[in-house]
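First the structure, in the form of structure tokens, and then the observations on it.
Excluded from the calculations below are hydrogen atoms, water molecules and symmetry mates; all remaining heavy atoms, backbone and side chain alike, are included.
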Amino acid sequence: MTYRARRRGILIFLAVFLTVAVIFVQREEYRQIQKNGEYMKKLCFVLHKSSSEQEIYCFADQAERVNYLFLPSYVKLSEVHISFAGAGTVVFAGAKGEVSLANGEDIGALGCNEKYEMYFCGKKGEKLEKQEVVIMQSAGLPAVFLETDSGSMKDLDADKNYAEKGRIVLFDAEGNVVCADKLDRISGRGNSTWAYPKKSYGIRLKNRADLLGMGSADKWILLSNVEDRTYIRNKMTYDMAVAAGMTGSPESRYIDLYINHRYHGMYQLCEKVEIDPERVPIADLEAENKKLNRDMESCGHFETERRKGMVLPNEPRDTTGGYLLERDVAEKFRLEISGFYTETLKDLYTVKQPAYASEAQVDYISGLVNGMERAVAAADGVDPQNGMQYTDYIDLRSFAQKYIIEELCKNNGAGATSSFFYKPQDAVSKKLFAGPVWDYDKAYANLDGINESTGDLCYLMQRGTDPTTLFWHLYQHSSFQETVSACYEEFFSDYMQTMQEEKIDEYVSEIHAAKDMDLIRWKEIYGEPVDYEGEVQRIRDFLSARKPFLDKVWKERQEICTVSFVSEDGAIHNYMSVLKGERLERMPGAEPGTVSGDRVFDGWYTEEGIRIDETTPVSEDVTIYARSSEVTGTAD
């Protein structure tokens with residue numbers, strides 16, 4: 001036998017051997033699946049629409065014992081192919097009869113929003129397992145497919161500080177690939193929302209990309225909107241700020257999110273609040289620090305009673321900007337690298353950028369903010385240390401616009417956290433600017449109490465703990481009031497009408513199909529049924545009552561009277577202003593009769609002992625005091 005003949009014989013033998021081995025492995029897998037009843041684990045649906053093929057597994061509603069196939073908007077059912085193992089066919093039995101599918105066939109004969117009895121059948125047609133399945137499809141939204149390197153979200157969802165790498169593919173609503181890239185980082189984010197199973201995430205692309213026309217960048221946010229059952233509060237506010245021309249206001253798009261081949265819900269893909277040419281376009285002091293100090297994390301850290309940051313060996317030539325600050329709360333501030341505590345208003349500010357701020361940089365920016373506070377808190381608006389006007393410290397228009405947006409929507413967290421400010425280099429401006437806007441899921445009457453009252457000004461002090469008094473002090477200056485009125489009359493009054501007549505309907509229509517999928521996917525959070533129209537109507541009602549009041553205050557300049565609320569510790573925790581002669585709709589804090597420990601809250605009283613409540617007309621500025629008494633026991 002020649003060498004060539006022997007070689008051919010060996011190759012034939014290997015081919016036969018491999019074929020037999022594959023058949024054996026497939027039969028063994030088939031047998032194991034049948035033995036263990038793991039048909040659903042192997043069932044997936046392959047989207048063949050584009051060059052970037054995607055697989056989707058069903059979501060199992062354990063309570064209802066129904067499986068849901070959630071499809072993105074861009075794909076036709078005829079472009080979705082079934083893939084399974086351990087069975088010869090899968091039969092879907094619905095109202096219009098049965099559809100039998102072999103492995104790899106498309107599901108074009110099936111329909112959406114119909115419940116099917118789905119049978120895994122053996123090669124002889126015997127029924128091996130029965131499941132129920134419903135196909136649902138989004139409409140008109142882009143879709144993001146993420147994969148983590150681990151293939152799991154367990155560690156990411158357990159620790160907000162944990163990060164992984166991965167991959168991303170973004171399709172527009174027509175199925176065109178907008179971005180396909182590696183992810184340098186995916187991690188969790190959020191404050192109160194972190195406690196929910198549906199979490200928000202931050203992602204960093206390996207390469208900068210323009211996602212859906214929002215400008216080129218590498219850092220993006222996936223907002224869950226989990227505390228807003230309408231899903232529209234953040235979107236409508238960000239869009240309002242963009243329309244108002246407020247610098248750095250985040251653009252955003254609704255998307256359907258799939259993680260590791262499973263539908264994860266409807267999300268809001270947002271620009272990140274950061275210093276960047278496409279975001280807040282000021283000098284990047286963080287980048288300058290990195291150029292001069294290669295390993296900043298290994299540098300020493302300093303912390304005093306009022307300031308903290310890094311001990312950097314090398315300073316950039318210009319340390320006057322840019323800075324991005326966040327007004328923060330104590331529990332978050334403790335975890336930040338750089339920041340400061342102000343002297344006059346006792347506010348905490350995190351230096352978000354540069355995160356690794358040097359001592360000189362923290363000194364500079366804290367000195368500017370402290371000077372601003374001294375001037376703002378002074379009755380004449382003049383810093384007593386250097387004679388500078390408060391308007392020398394701040395860009396009046398940006399502060400007025402920020403105040404209007406927060407007050408307009410009664411944003412509960414605005415005076416505490418997620419409240420941003422930025423400072424360019426002195427060559428651009430020596431002033432502090434307010435913005436960008438962020439975090440409005442608790443606004444527009446999404447919380448009760450004074451958060452849902454429409455006939456008062458609260459000066460960003462609705463939150464009961466750690467509110468800033470900055471905007472209250474600003475409002476005491478006529479030039480600030482005039483700027484607020486001018487900005488409101490110029491843009492915001494008409495835009496509030498546009499929101500009521502057009503924008504809300506636009507958002508609700510845009511997400512109508514996707515929100516139905518999300519409400520089912522996260523039923524464990526939302527419960528059922530969710531009165532979605534009722535939730536949206538809550539926003540409509542709030543705006544329809546809020547606008548006439550603000551028009552009277554800021555357009556017609558009607559007189560207002562202020563109630564100052566002093567708690568039992570002697571501190572003023574709320575200022576609320578109403579039109580002269582009107583009543584407060586709601587009082588801050590607990591309801592009279594509320595028991596806390598061995599004390600019961602009696603209500604609010606003037607120094608003369610006159611009780612003030614929601615029935616009392618307010619015809620002049622007044623200070624009232626919280627009063628409580630000891631709980632009296634009852635004899636047995």
Side-chain angles (χ1 to χ4, degrees), residues 44-57 69-83 104 106-108 110 112 135-148 165-186 201-225 231 235 238-239 242 250-272 276 278-279 506-507 509-518 521:
C44 73
F45 296 83
V46 183
L47 281 54
H48 284 304
K49 165 111 182 176
S50 73
S51 58
S52 183
E53 187 177 275
Q54 301 297 324
E55 295 179 351
I56 299 176
Y57 289 85
L69 172 60
F70 296 119
L71 293 175
S73 60
Y74 67 79
V75 71
K76 298 177 182 177
L77 293 185
S78 59
E79 297 165 338
V80 180
H81 295 250
I82 192 169
S83 175
D106 71 71
I107 64 170
L110 303 178
C112 290
I135 302 170
M136 297 184 71
Q137 185 166 19
S138 184
L141 296 191
V144 171
F145 289 82
L146 296 184
E147 292 182 51
T148 60
K165 295 186 177 183
R167 293 156 298 284
I168 180 173
V169 180
L170 167 61
F171 296 91
D172 65 17
E174 289 71 45
N176 303 303
V177 176
V178 174
C179 175
D181 197 6
K182 292 182 179 179
L183 290 177
D184 276 346
R185 179 183 176 90
I186 176 171
Y201 303 100
I203 60 174
R204 187 173 71 223
L205 308 177
K206 186 175 181 62
N207 302 288
R208 293 175 69 95
D210 181 353
L211 303 187
L212 304 172
M214 292 187 283
S216 180
D218 59 349
K219 298 184 187 72
W220 299 86
I221 305 299
L222 291 163
L223 279 184
S224 67
N225 289 314
Y231 306 96
K235 176 68 171 166
Y238 298 166
D239 287 356
V242 170
E251 292 193 64
S252 64
R253 306 285 187 270
Y254 288 113
I255 56 101
D256 294 302
L257 179 63
Y258 295 81
I259 300 182
N260 294 326
H261 310 294
R262 297 182 185 277
Y263 176 70
H264 209 72
M266 181 180 69
Y267 275 67
Q268 190 176 341
L269 176 65
C270 299
E271 293 185 287
K272 179 180 171 65
D276 184 272
E278 297 283 351
R279 307 284 173 73
E506 288 177 11
Y507 300 135
S509 176
E510 181 181 4
I511 64 174
H512 75 280
K515 72 98 171 45
D516 289 342
M517 292 178 11
D518 188 271
R521 171 62 182 84

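- Counting heavy atoms from C-beta outward, Lys515 and Met266 have side chains that approach closer than 4.5 Å.
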Inset, instruction - Begin from the C-alpha positions of Asp256 and Arg521 and carry the test salt bridge (charged side-chain N to carboxylate O under 4.0 Å, His left out) through to its verdict. - result: CA-CA 12 Å; Asp256 294 302; Arg521 171 62 182 84; over 6 Å; no

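- Here the straight-line distance linking atom OH of Tyr231 with atom OH of Tyr267 works out to 10.5 Å at 0.5 Å rounding.
- The heavy-atom pair separating Asn260 from Glu147 by the smallest distance is OD1-CA, 3.3 Å.
- Every residue meeting the side-chain hydrogen bond (donor to acceptor under 3.5 Å, both in side chains) condition with Glu271, not counting sequence neighbours, appears here in chain and number order: Arg279.
- Listed here is the closest heavy atom pair of Arg167 and Thr148: NH2-O, 3.6 Å.
- In this structure, Pro72 and Ala143 approach most closely via the heavy-atom pair CB-CB, 3.8 Å.
- Side-chain atoms of His48 and Glu53 include a donor-acceptor pair closer than 3.5 Å.
- The two residues Leu47 and Ile56 have their closest heavy-atom pair at CD1-CD1, 3.7 Å.
- The distance from atom CD of Glu278 to atom CG of Asp210, rounded to the nearest 0.5 Å, is 7.5 Å.
- For the atom pair Gln137 CD and Leu77 CG, the distance stands at 6.0 Å (nearest 0.5 Å).
- Side chains of Pro142 and Val178 form no contact here, defined as non-hydrogen atoms less than 4.5 Å apart.
- When the options Leu170, Asp184, Ile168 are evaluated for a side-chain contact (heavy atoms from CB on, under 4.5 Å) with Leu205, the one that passes is Ile168.
- Leu141 has its side chain out of reach of Ile255: every pair of non-hydrogen atoms, C-beta onward, lies at least 4.5 Å apart.
- Contact annotation: the side chain of Ile511 never approaches that of Asp518 to less than 4.5 Å [non-hydrogen atoms, C-beta and beyond].
- The nearest pair of heavy atoms linking Tyr263 to Ala514 is OH-O, 3.8 Å.
- Looking only at side-chain heavy atoms (C-beta outward), Val75 and Phe171 stay at 4.5 Å or farther from each other.
- Distance check: Glu55 CD to Arg262 CZ gives 11.0 Å after rounding to the nearest 0.5 Å.
- The minimum heavy-atom distance between Ala209 and Cys179, with the atom names listed, is CB-SG, 4.2 Å.
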Legend entry - Derivation of the side chain to side chain contact (heavy atoms under 4.5 Å, CB included) call for Tyr201 and His264: CA-CA 12 Å; Tyr201 303 100; His264 209 72; 3.4 Å; yes

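- Contact annotation: the side chain of Val80 never approaches that of Leu110 to less than 4.5 Å [non-hydrogen atoms, C-beta and beyond].
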Could you tabulate the donor-acceptor pairs under 3.5 Å formed by side-chain atoms of residues 215-224, not counting sequence neighbours?
from	atom 1	to	atom 2	distance (Å)
Trp220	NE1	Ala217	O	3.1
Ser224	OG	Ser200	OG	3.2
Ser224	OG	Val226	N	3.3

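- Shown here are the side-chain contact (heavy atoms from CB on, under 4.5 Å) partners of Ser83, two or more places apart in sequence or in another chain: Cys44, Val46, Asn103.
- Taking the six-membered ring where tryptophan is involved, the planes of Tyr254 and Tyr507 are perpendicular, since the angle between them exceeds 60° and thus also 30°.
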Inset, instruction - Apply the test side chain to side chain contact (heavy atoms under 4.5 Å, CB included) to residues Asp276 and Arg208: give CA-CA distance (whole Å), side-chain angles for both, the deciding distance (0.1 Å), then the verdict. - result: CA-CA 12 Å; Asp276 184 272; Arg208 293 175 69 95; 2.9 Å; yes

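- Ring orientation note: the planes of Tyr74 and Phe145 are nearly perpendicular, at an angle over 60° on the 30°/60° scale.
- The NZ atom of Lys165 lies 11.0 Å from the CZ atom of Arg185; values are rounded to the nearest 0.5 Å.
- Annotation: side chain of Ile107 is in contact with side chain of Phe45 (closest heavy-atom distance under 4.5 Å).
- Atom CZ of Phe70 and atom CG of Asp516 lie 10.0 Å apart (nearest 0.5 Å).
- Residues Glu506 and Asp239 fail the side-chain proximity criterion, which asks for heavy atoms closer than 4.5 Å.
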